Undergrad: 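What follows is a structure written as structure tokens; I'll ask about it next.
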Amino acid sequence: MVPKPDTDVVRELVDRYDTLTAEPAARADSSIRLEGIVYTLCVITGTRRESQALTAARGLLSTRGGSRGLPGEGGAAYFQP
């Protein structure tokens, strides 16, 4: 059985990505934070490219409509059983 990403986590990551890419690169840590968000989205969605991860994440959010399981189930906060 393949674990399903927690939609709340995916939504937060996509929101953070959108916020960081919308603001000017005035903060030095923005690129590091953005890199971490992209990496995490790639891991959660099982993709290797930023564009694929965002497409998969947004597709997941639109398909699942934000439903979520109980936190902590499945052994990881990023995934639902």
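Keep in mind that the numbers below use all heavy atoms, side chains included, and drop hydrogens, waters and symmetry copies. Because the structure is a prediction, the values reported are computed rather than measured.
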Undergrad: Run the salt bridge (charged side-chain N to carboxylate O under 4.0 Å, His left out) test on Asp18 and Arg58 for me, step by step, so that the C-alpha distance in whole Å, both residues' side-chain angles and the decisive distance to 0.1 Å come before the verdict.
TA: CA-CA 12 Å; Asp18 290 341; Arg58 289 186 171 125; 2.4 Å; yes

Undergrad: Less than 4.5 Å apart, any side-chain heavy atom of Leu60 and any of Pro5?
TA: yes

Undergrad: Return the OG1 to OH distance between Thr40 and Tyr17, rounded to the nearest 0.5 Å.
TA: 13.5 Å

Undergrad: Are there more than 12 heavy atoms of other residues, nucleotides or ligands under 6.0 Å from atom CD of Gln52?
TA: yes

Undergrad: Looking only at non-hydrogen atoms, find the nearest pair between Leu34 and Leu20 and report the distance.
TA: N-CD1, 3.8 Å

Undergrad: Got a second to check how far Leu41's CG is from Thr47's OG1, nearest 0.5 Å?
TA: 7.5 Å

Undergrad: Can you tell me how far CD of Glu35 sits from CD of Glu50, rounded to the nearest 0.5 angstrom?
TA: 10.0 Å

Undergrad: Once rounded to the nearest 0.5 Å, what's the spacing between atom SG of Cys42 and atom CZ of Arg48?
TA: 9.5 Å

Undergrad: Answer yes or no: is there a side-chain heavy-atom contact under 4.5 Å between Ile44 and Val10?
TA: yes

Undergrad: Could you give the distance from CD (Glu12) to CG (Asp6), rounded to the nearest 0.5 Å?
TA: 10.0 Å

